[in-house]
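For the single chain, residues carry numbers from 1 onward in sequence order. Everything quoted here is computed from the prediction, not taken from an experiment.
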Amino acid sequence: MRAYHLTSFGIEGLRLVETPVPQPGPGEILVDVQALSLNYRDLLVIQGAYNPKLTLPAVPVSDGAGVVAAVGPDVSRVRVGDRVMSHFVADWQDGPYRHEYLGTALGTPGPGLAAEQVVLPETAVLPLPKGYDYAQAATLPIAALTAWSALVTVGQAEAGQTVLTLGTGGVAIFALQLARLMELNVIITSRSDAKLARCRELGATHTINYATRTDWDQAVLELTGGVGVDLTVETAGPGTLDQSMKATRAGGRIALLGALTGRCGAVTTGLILMKRLNIHGIMVDSRRAFEDLVRFVERWNLRPVIDRRYAFDQLPEALRCMEAGEHFGKIVVTR
Ligand SMILES: NC(=O)c1ccc[n+]([C@@H]2O[C@H](COP(=O)([O-])OP(=O)(O)OC[C@H]3O[C@@H](n4cnc5c(N)ncnc54)[C@H](OP(=O)(O)O)[C@@H]3O)[C@@H](O)[C@H]2O)c1
(Lines give C-alpha, C1' and ligand atoms only; values in the text may rest on other atoms or scores of the structure.)
Protein backbone atom coordinates (compact mmCIF):
# COMPACT_ATOMS: atom_id res chain seq x y z
CA MET A 1 0.00 0.00 0.00
CA ARG A 2 1.02 3.63 -0.45
CA ALA A 3 1.44 6.20 2.31
CA TYR A 4 2.72 9.75 2.50
CA HIS A 5 5.90 10.02 4.55
CA LEU A 6 6.99 13.42 5.78
CA THR A 7 10.76 13.08 5.35
CA SER A 8 11.66 16.71 6.13
CA PHE A 9 9.55 19.69 7.18
CA GLY A 10 7.67 21.49 4.42
CA ILE A 11 5.14 20.33 1.80
CA GLU A 12 8.08 19.48 -0.48
CA GLY A 13 9.24 17.00 2.18
CA LEU A 14 6.24 14.71 1.52
CA ARG A 15 7.04 11.44 -0.32
CA LEU A 16 4.46 8.94 -1.54
CA VAL A 17 6.09 5.61 -0.67
CA GLU A 18 5.20 1.91 -0.95
CA THR A 19 5.03 0.31 2.52
CA PRO A 20 3.82 -3.06 3.89
CA VAL A 21 0.14 -3.25 4.95
CA PRO A 22 0.11 -2.81 8.76
CA GLN A 23 -1.50 -5.57 10.84
CA PRO A 24 -4.03 -4.72 13.58
CA GLY A 25 -3.09 -5.84 17.10
CA PRO A 26 -5.44 -6.41 20.06
CA GLY A 27 -8.22 -3.78 20.13
CA GLU A 28 -7.14 -2.43 16.73
CA ILE A 29 -8.67 -2.33 13.26
CA LEU A 30 -7.32 -1.90 9.73
CA VAL A 31 -9.12 0.83 7.75
CA ASP A 32 -9.02 1.21 3.95
CA VAL A 33 -8.94 4.99 3.81
CA GLN A 34 -11.31 6.37 1.15
CA ALA A 35 -11.23 10.09 1.91
CA LEU A 36 -9.23 12.62 3.91
CA SER A 37 -10.07 16.17 4.86
CA LEU A 38 -7.48 18.82 5.56
CA ASN A 39 -7.25 20.94 8.69
CA TYR A 40 -4.95 23.85 9.36
CA ARG A 41 -3.24 21.61 11.94
CA ASP A 42 -2.05 19.31 9.13
CA LEU A 43 -0.25 22.25 7.56
CA LEU A 44 1.35 23.18 10.90
CA VAL A 45 2.50 19.57 11.42
CA ILE A 46 3.98 19.39 7.93
CA GLN A 47 5.68 22.78 8.24
CA GLY A 48 7.26 21.74 11.57
CA ALA A 49 5.43 24.53 13.41
CA TYR A 50 3.22 22.18 15.44
CA ASN A 51 6.09 20.09 16.83
CA PRO A 52 9.58 21.00 15.61
CA LYS A 53 10.89 17.89 17.45
CA LEU A 54 8.60 15.47 15.59
CA THR A 55 10.45 12.26 14.71
CA LEU A 56 10.62 11.84 10.93
CA PRO A 57 9.54 10.16 8.76
CA ALA A 58 5.96 10.53 9.97
CA VAL A 59 2.57 9.97 8.30
CA PRO A 60 0.56 13.21 8.55
CA VAL A 61 -3.17 14.14 8.32
CA SER A 62 -5.66 13.75 11.16
CA ASP A 63 -9.07 13.29 9.55
CA GLY A 64 -10.33 10.52 7.32
CA ALA A 65 -13.06 8.02 6.58
CA GLY A 66 -13.04 4.55 5.06
CA VAL A 67 -14.09 0.95 5.34
CA VAL A 68 -12.90 -1.56 7.95
CA ALA A 69 -10.76 -4.16 6.15
CA ALA A 70 -9.65 -6.30 9.11
CA VAL A 71 -9.97 -6.44 12.88
CA GLY A 72 -7.48 -7.60 15.49
CA PRO A 73 -8.17 -9.77 18.57
CA ASP A 74 -10.58 -8.44 21.24
CA VAL A 75 -12.34 -5.99 18.92
CA SER A 76 -16.00 -5.76 19.90
CA ARG A 77 -17.45 -2.49 18.55
CA VAL A 78 -16.46 -2.69 14.89
CA ARG A 79 -16.82 -5.32 12.15
CA VAL A 80 -15.17 -5.88 8.78
CA GLY A 81 -17.08 -3.88 6.15
CA ASP A 82 -18.22 -1.12 8.55
CA ARG A 83 -18.04 2.41 7.11
CA VAL A 84 -16.23 4.56 9.68
CA MET A 85 -14.73 8.00 10.26
CA SER A 86 -11.88 8.89 12.58
CA HIS A 87 -12.11 10.42 16.06
CA PHE A 88 -9.20 12.84 16.45
CA VAL A 89 -8.23 12.76 20.18
CA ALA A 90 -8.42 8.98 20.20
CA ASP A 91 -8.26 8.38 23.97
CA TRP A 92 -10.75 11.14 24.87
CA GLN A 93 -13.88 9.05 24.97
CA ASP A 94 -15.95 10.89 27.59
CA GLY A 95 -15.67 13.04 30.71
CA PRO A 96 -13.28 15.92 31.36
CA TYR A 97 -10.32 16.56 29.09
CA ARG A 98 -6.89 15.39 30.28
CA HIS A 99 -3.73 16.81 28.78
CA GLU A 100 -2.18 13.39 28.20
CA TYR A 101 -5.00 12.55 25.76
CA LEU A 102 -3.17 14.73 23.21
CA GLY A 103 -0.52 12.01 22.99
CA THR A 104 -3.12 9.90 21.15
CA ALA A 105 -4.15 12.55 18.61
CA LEU A 106 -4.29 11.22 15.05
CA GLY A 107 -1.96 12.67 12.41
CA THR A 108 0.98 12.76 14.85
CA PRO A 109 1.81 11.75 17.47
CA GLY A 110 -0.85 9.06 16.76
CA PRO A 111 -1.20 7.33 13.35
CA GLY A 112 -1.68 9.56 10.30
CA LEU A 113 -4.49 9.07 7.78
CA ALA A 114 -2.50 10.06 4.65
CA ALA A 115 -2.19 6.41 3.68
CA GLU A 116 -4.22 3.91 1.71
CA GLN A 117 -4.52 1.79 4.85
CA VAL A 118 -4.09 2.65 8.51
CA VAL A 119 -4.31 0.76 11.80
CA LEU A 120 -6.35 2.57 14.46
CA PRO A 121 -7.66 1.63 17.90
CA GLU A 122 -11.31 0.59 17.54
CA THR A 123 -12.16 3.44 19.94
CA ALA A 124 -10.81 5.96 17.40
CA VAL A 125 -13.61 5.48 14.87
CA LEU A 126 -17.36 6.14 14.66
CA PRO A 127 -19.93 4.97 12.10
CA LEU A 128 -20.63 7.42 9.26
CA PRO A 129 -23.73 9.59 9.73
CA LYS A 130 -26.75 8.27 7.80
CA GLY A 131 -26.70 9.38 4.17
CA TYR A 132 -23.08 10.58 4.29
CA ASP A 133 -20.41 9.52 1.80
CA TYR A 134 -16.76 9.11 2.80
CA ALA A 135 -15.74 12.62 1.71
CA GLN A 136 -18.52 14.26 3.71
CA ALA A 137 -17.74 12.16 6.79
CA ALA A 138 -14.03 12.98 6.57
CA THR A 139 -14.83 16.68 7.13
CA LEU A 140 -16.40 16.15 10.56
CA PRO A 141 -13.82 14.85 13.07
CA ILE A 142 -11.89 18.07 13.73
CA ALA A 143 -13.62 21.01 12.03
CA ALA A 144 -17.25 20.20 12.80
CA LEU A 145 -16.56 18.82 16.28
CA THR A 146 -14.51 21.91 17.18
CA ALA A 147 -17.32 24.20 16.03
CA TRP A 148 -19.74 22.05 18.07
CA SER A 149 -17.47 22.33 21.10
CA ALA A 150 -17.31 26.13 20.71
CA LEU A 151 -21.07 26.57 20.30
CA VAL A 152 -22.53 23.79 22.44
CA THR A 153 -20.20 22.05 24.91
CA VAL A 154 -18.34 25.19 25.93
CA GLY A 155 -20.37 28.02 24.39
CA GLN A 156 -23.76 26.82 25.68
CA ALA A 157 -25.32 29.16 23.14
CA GLU A 158 -29.09 29.57 23.23
CA ALA A 159 -31.55 30.32 20.43
CA GLY A 160 -31.80 34.04 19.73
CA GLN A 161 -28.24 34.82 20.85
CA THR A 162 -25.62 36.26 18.52
CA VAL A 163 -22.34 34.59 17.67
CA LEU A 164 -19.30 36.02 15.89
CA THR A 165 -16.94 33.78 13.94
CA LEU A 166 -13.77 34.77 12.10
CA GLY A 167 -12.79 33.81 8.54
CA THR A 168 -14.37 31.25 6.23
CA GLY A 169 -12.22 28.16 6.86
CA GLY A 170 -13.36 24.71 7.91
CA VAL A 171 -14.20 25.44 11.55
CA ALA A 172 -15.81 28.83 10.85
CA ILE A 173 -18.15 27.54 8.12
CA PHE A 174 -19.26 24.62 10.28
CA ALA A 175 -19.83 27.15 13.10
CA LEU A 176 -22.02 29.18 10.73
CA GLN A 177 -24.02 26.14 9.61
CA LEU A 178 -24.49 24.70 13.11
CA ALA A 179 -25.32 28.10 14.61
CA ARG A 180 -28.06 28.78 12.07
CA LEU A 181 -29.63 25.38 12.81
CA MET A 182 -29.51 26.35 16.52
CA GLU A 183 -31.40 29.57 15.64
CA LEU A 184 -28.49 31.82 16.53
CA ASN A 185 -27.73 35.06 14.72
CA VAL A 186 -24.33 34.87 13.05
CA ILE A 187 -21.85 37.61 12.25
CA ILE A 188 -18.96 36.31 10.14
CA THR A 189 -15.83 38.00 8.79
CA SER A 190 -13.66 37.38 5.73
CA ARG A 191 -11.08 39.18 3.64
CA SER A 192 -13.12 38.32 0.52
CA ASP A 193 -16.47 39.82 -0.52
CA ALA A 194 -17.09 36.79 -2.74
CA LYS A 195 -16.70 34.46 0.25
CA LEU A 196 -18.97 36.71 2.33
CA ALA A 197 -21.66 36.45 -0.37
CA ARG A 198 -21.46 32.65 0.02
CA CYS A 199 -21.82 33.09 3.81
CA ARG A 200 -25.04 35.04 3.29
CA GLU A 201 -26.34 32.20 1.09
CA LEU A 202 -25.64 29.88 4.05
CA GLY A 203 -27.71 32.13 6.32
CA ALA A 204 -25.20 34.54 7.89
CA THR A 205 -27.12 37.40 9.51
CA HIS A 206 -24.33 39.97 8.96
CA THR A 207 -20.98 39.86 7.18
CA ILE A 208 -17.91 42.08 7.58
CA ASN A 209 -14.87 42.31 5.31
CA TYR A 210 -11.99 42.47 7.82
CA ALA A 211 -9.53 43.59 5.11
CA THR A 212 -11.46 46.72 4.18
CA ARG A 213 -13.03 47.23 7.62
CA THR A 214 -9.96 46.79 9.78
CA ASP A 215 -11.92 48.08 12.80
CA TRP A 216 -14.24 45.07 12.43
CA ASP A 217 -14.76 44.95 16.21
CA GLN A 218 -16.36 48.40 15.92
CA ALA A 219 -18.50 47.11 13.05
CA VAL A 220 -19.70 44.25 15.30
CA LEU A 221 -20.64 46.75 18.02
CA GLU A 222 -22.58 48.82 15.48
CA LEU A 223 -24.50 45.69 14.43
CA THR A 224 -25.34 44.77 18.03
CA GLY A 225 -26.56 48.12 19.34
CA GLY A 226 -23.21 48.84 21.02
CA VAL A 227 -23.48 45.72 23.22
CA GLY A 228 -21.36 43.08 21.46
CA VAL A 229 -22.01 39.42 20.69
CA ASP A 230 -22.86 36.73 23.24
CA LEU A 231 -20.20 34.32 21.98
CA THR A 232 -17.14 34.61 19.77
CA VAL A 233 -15.67 31.58 18.01
CA GLU A 234 -12.04 32.77 17.95
CA THR A 235 -10.31 30.97 15.10
CA ALA A 236 -7.38 33.33 14.56
CA GLY A 237 -5.59 33.73 17.92
CA PRO A 238 -3.36 36.45 19.32
CA GLY A 239 -3.55 38.78 16.32
CA THR A 240 -7.34 39.12 16.64
CA LEU A 241 -8.06 38.36 20.31
CA ASP A 242 -8.11 41.97 21.52
CA GLN A 243 -10.60 42.92 18.82
CA SER A 244 -12.67 39.82 19.57
CA MET A 245 -12.78 40.84 23.24
CA LYS A 246 -13.98 44.31 22.25
CA ALA A 247 -16.64 42.76 20.01
CA THR A 248 -17.96 40.43 22.78
CA ARG A 249 -20.51 41.67 25.30
CA ALA A 250 -19.71 42.10 29.01
CA GLY A 251 -19.96 38.68 30.63
CA GLY A 252 -19.90 37.02 27.21
CA ARG A 253 -17.89 33.98 26.12
CA ILE A 254 -14.95 33.54 23.82
CA ALA A 255 -14.20 30.03 22.58
CA LEU A 256 -10.48 30.40 21.91
CA LEU A 257 -9.42 27.72 19.48
CA GLY A 258 -7.32 29.11 16.65
CA ALA A 259 -3.73 29.92 15.89
CA LEU A 260 -4.00 31.40 12.39
CA THR A 261 -2.07 34.48 13.59
CA GLY A 262 0.41 32.53 15.74
CA ARG A 263 0.56 30.90 19.14
CA CYS A 264 1.59 33.79 21.40
CA GLY A 265 1.21 37.54 21.46
CA ALA A 266 0.24 40.57 23.54
CA VAL A 267 -3.23 40.48 25.06
CA THR A 268 -4.98 43.35 26.88
CA THR A 269 -5.80 41.41 30.03
CA GLY A 270 -7.51 44.50 31.49
CA LEU A 271 -10.33 43.97 28.98
CA ILE A 272 -10.96 40.48 30.36
CA LEU A 273 -11.41 41.88 33.86
CA MET A 274 -13.33 45.03 33.00
CA LYS A 275 -15.80 43.09 30.83
CA ARG A 276 -15.84 39.94 33.02
CA LEU A 277 -15.20 37.90 29.90
CA ASN A 278 -15.15 34.11 29.95
CA ILE A 279 -12.33 32.93 27.72
CA HIS A 280 -12.30 29.18 27.27
CA GLY A 281 -9.60 27.18 25.50
CA ILE A 282 -10.87 24.51 23.12
CA MET A 283 -9.22 21.23 22.16
CA VAL A 284 -11.74 19.67 19.77
CA ASP A 285 -13.99 17.44 21.92
CA SER A 286 -14.65 13.93 23.22
CA ARG A 287 -16.03 10.95 21.37
CA ARG A 288 -19.26 11.33 23.40
CA ALA A 289 -19.61 14.90 22.08
CA PHE A 290 -18.90 13.60 18.55
CA GLU A 291 -21.81 11.15 18.94
CA ASP A 292 -24.05 14.06 19.98
CA LEU A 293 -22.88 16.01 16.93
CA VAL A 294 -23.64 13.06 14.63
CA ARG A 295 -27.20 12.87 16.00
CA PHE A 296 -27.60 16.63 15.34
CA VAL A 297 -26.19 16.29 11.82
CA GLU A 298 -28.58 13.43 11.04
CA ARG A 299 -31.60 15.21 12.55
CA TRP A 300 -31.04 18.35 10.49
CA ASN A 301 -29.53 16.64 7.46
CA LEU A 302 -26.59 19.05 7.66
CA ARG A 303 -24.31 18.80 4.61
CA PRO A 304 -20.67 19.95 4.88
CA VAL A 305 -19.43 22.62 2.51
CA ILE A 306 -16.75 20.87 0.43
CA ASP A 307 -15.11 23.55 -1.67
CA ARG A 308 -12.22 21.64 -3.28
CA ARG A 309 -11.60 17.99 -4.08
CA TYR A 310 -8.21 16.46 -4.92
CA ALA A 311 -7.05 12.95 -5.79
CA PHE A 312 -4.85 11.00 -3.34
CA ASP A 313 -1.66 11.66 -5.34
CA GLN A 314 -2.47 15.42 -5.30
CA LEU A 315 -2.19 15.84 -1.51
CA PRO A 316 0.68 18.38 -1.86
CA GLU A 317 -1.49 20.54 -4.18
CA ALA A 318 -4.37 20.33 -1.70
CA LEU A 319 -2.08 21.50 1.10
CA ARG A 320 -0.83 24.40 -1.04
CA CYS A 321 -4.44 25.48 -1.61
CA MET A 322 -4.98 25.53 2.16
CA GLU A 323 -1.71 27.39 2.69
CA ALA A 324 -2.88 30.11 0.28
CA GLY A 325 -6.24 30.36 2.09
CA GLU A 326 -8.09 30.10 -1.23
CA HIS A 327 -10.71 27.71 0.08
CA PHE A 328 -14.15 28.21 1.64
CA GLY A 329 -15.10 25.52 4.16
CA LYS A 330 -13.41 22.19 3.57
CA ILE A 331 -10.81 20.67 1.26
CA VAL A 332 -11.03 16.89 0.74
CA VAL A 333 -8.74 14.31 -0.83
CA THR A 334 -10.33 11.13 -2.16
CA ARG A 335 -9.05 7.82 -3.59
N1 LIG B 1 -8.16 24.08 19.27
C2 LIG B 1 -8.79 23.24 18.47
O3 LIG B 1 -9.41 22.28 18.92
C4 LIG B 1 -8.78 23.49 17.01
C5 LIG B 1 -9.52 22.67 16.15
C6 LIG B 1 -9.57 22.98 14.79
C7 LIG B 1 -8.87 24.08 14.32
N8 LIG B 1 -8.11 24.81 15.17
C9 LIG B 1 -7.41 25.99 14.70
O10 LIG B 1 -8.39 26.91 14.22
C11 LIG B 1 -7.87 27.63 13.13
C12 LIG B 1 -8.75 27.45 11.91
O13 LIG B 1 -8.63 26.12 11.47
P14 LIG B 1 -9.28 25.66 10.10
O15 LIG B 1 -8.87 24.25 9.89
O16 LIG B 1 -10.70 26.05 10.06
O17 LIG B 1 -8.44 26.59 9.09
P18 LIG B 1 -8.65 26.91 7.55
O19 LIG B 1 -9.73 26.06 6.97
O20 LIG B 1 -7.31 26.86 6.92
O21 LIG B 1 -9.18 28.41 7.58
C22 LIG B 1 -8.36 29.48 7.30
C23 LIG B 1 -9.21 30.72 7.02
O24 LIG B 1 -9.21 31.56 8.16
C25 LIG B 1 -9.30 32.91 7.76
N26 LIG B 1 -8.24 33.73 8.36
C27 LIG B 1 -6.91 33.65 8.19
N28 LIG B 1 -6.30 34.61 8.89
C29 LIG B 1 -7.27 35.33 9.50
C30 LIG B 1 -7.28 36.47 10.34
N31 LIG B 1 -6.15 37.09 10.69
N32 LIG B 1 -8.46 36.92 10.77
C33 LIG B 1 -9.62 36.32 10.44
N34 LIG B 1 -9.68 35.23 9.64
C35 LIG B 1 -8.50 34.75 9.17
C36 LIG B 1 -9.19 32.95 6.23
O37 LIG B 1 -10.53 33.09 5.75
P38 LIG B 1 -10.91 34.26 4.71
O39 LIG B 1 -10.18 33.92 3.44
O40 LIG B 1 -12.38 34.18 4.60
O41 LIG B 1 -10.46 35.55 5.28
C42 LIG B 1 -8.62 31.56 5.90
O43 LIG B 1 -9.03 31.10 4.66
C44 LIG B 1 -6.43 27.14 12.94
O45 LIG B 1 -5.55 27.97 13.67
C46 LIG B 1 -6.46 25.77 13.55
O47 LIG B 1 -5.18 25.34 13.98
C48 LIG B 1 -8.06 24.53 16.49
Trainee: Show every donor-acceptor pair shorter than 3.5 Å between a side-chain atom in residues 309-324 and any protein atom, with sequence neighbours excluded, or say none if there are none.
Mentor:
unit_1: Gln314; atom_1: OE1; unit_2: Ala311; atom_2: N; d: 2.7
unit_1: Glu323; atom_1: OE2; unit_2: Gln47; atom_2: NE2; d: 3.2

Trainee: Is Arg191 positioned over the aromatic face of Tyr210, cation under 6.0 angstrom from the ring centre and no more than 45 degrees off axis?
Mentor: no
Trainee: Can you run down the salt bridge (charged side-chain N to carboxylate O under 4.0 Å, His left out) pairs that involve residues 202-214, sequence neighbours left out, and say none if there aren't any?
Mentor: Arg213-Asp215, Arg213-Glu222
Trainee: Does this structure show an ion pair linking Glu18 with Arg2, if we count only N-O contacts that are shorter than 4.0 Å?
Mentor: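 Looking at Arg2 together with Glu18, the answer is no, because their closest N to O distance does not fall below 4.0 Å.
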Trainee: Could you give all pairs that pass the side-chain hydrogen bond (donor to acceptor under 3.5 Å, both in side chains) test and reach residues 143-157, with sequence neighbours left out?
Mentor: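 Counting only pairs at least two positions apart or across chains, the side-chain hydrogen bond (donor to acceptor under 3.5 Å, both in side chains) contacts touching residues 143-157 are Ser149-Asp285, Thr153-Asp285.
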Trainee: Side chain to side chain contact (heavy atoms under 4.5 Å, CB included) with Ala137: which residues, sequence neighbours excluded?
Mentor: Ala65, Met85, Leu128, Pro129, Tyr132
Trainee: With sequence neighbours left out, which residue pairs that include part of residues 226-243 fulfil the side-chain hydrogen bond (donor to acceptor under 3.5 Å, both in side chains) condition?
Mentor: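 Counting only pairs at least two positions apart or across chains, the side-chain hydrogen bond (donor to acceptor under 3.5 Å, both in side chains) contacts touching residues 226-243 are Trp216-Gln243, Asp217-Gln243, Asp230-Arg249, Thr232-Thr248, Glu234-Thr240, Glu234-Ser244, Asp242-Thr268.
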Trainee: Go through the structure and list residues passing side chain to side chain donor-acceptor pair (under 3.5 Å) with Arg299, not counting sequence neighbours.
Mentor: none
Trainee: If the condition is ring-ring contact (aromatic ring centres under 6.0 Å, His included), which residues does Phe9 pass it with, not counting sequence neighbours?
Mentor: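 None.
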Trainee: Let me have the donor-acceptor pairs involving side chains of residues 162-173, under 3.5 Å, with sequence neighbours excluded, atom names and distances please.
Mentor:
unit_1: Thr162; atom_1: OG1; unit_2: Asn185; atom_2: ND2; d: 3.4

Trainee: Would you list the atom pairs, donor with acceptor, under 3.5 Å between side chains in residues 69-77 and any protein atom, with sequence neighbours excluded?
Mentor:
none

Trainee: Would you please classify the geometry between the Trp300 ring and the Phe296 ring as parallel, tilted or perpendicular, with 30° and 60° separating the classes?
Mentor: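 Rings of Phe296 and Trp300: tilted, 30 to 60°.
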Trainee: Backbone N or O of Ala211 within a donor-acceptor pair of the Asn209 side chain at under 3.5 Å?
Mentor: yes
Trainee: Any pair with a residue in residues 23-51 that passes ring pair (Phe, Tyr, Trp, His ring centres under 6.0 Å), sequence neighbours left out, goes on the list, sorted by first then second residue, please.
Mentor: none
Trainee: List in chain and number order the residues that pass side chain to side chain contact (heavy atoms under 4.5 Å, CB included) with Arg200, two or more places apart in sequence or in another chain; answer none if no residue qualifies.
Mentor: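 Expected list: Leu196, Ala197, Thr207.
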Trainee: Would you please name every residue forming a side chain to side chain contact (heavy atoms under 4.5 Å, CB included) with Arg288, sequence neighbours left out?
Mentor: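 In terms of side chain to side chain contact (heavy atoms under 4.5 Å, CB included), with neighbours along the sequence ignored, Arg288 is linked to Asp94, Ser286, Glu291, Asp292.
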Trainee: A side-chain contact here means heavy atoms from C-beta on lying under 4.5 Å apart; do Arg308 and Val332 qualify?
Mentor: no
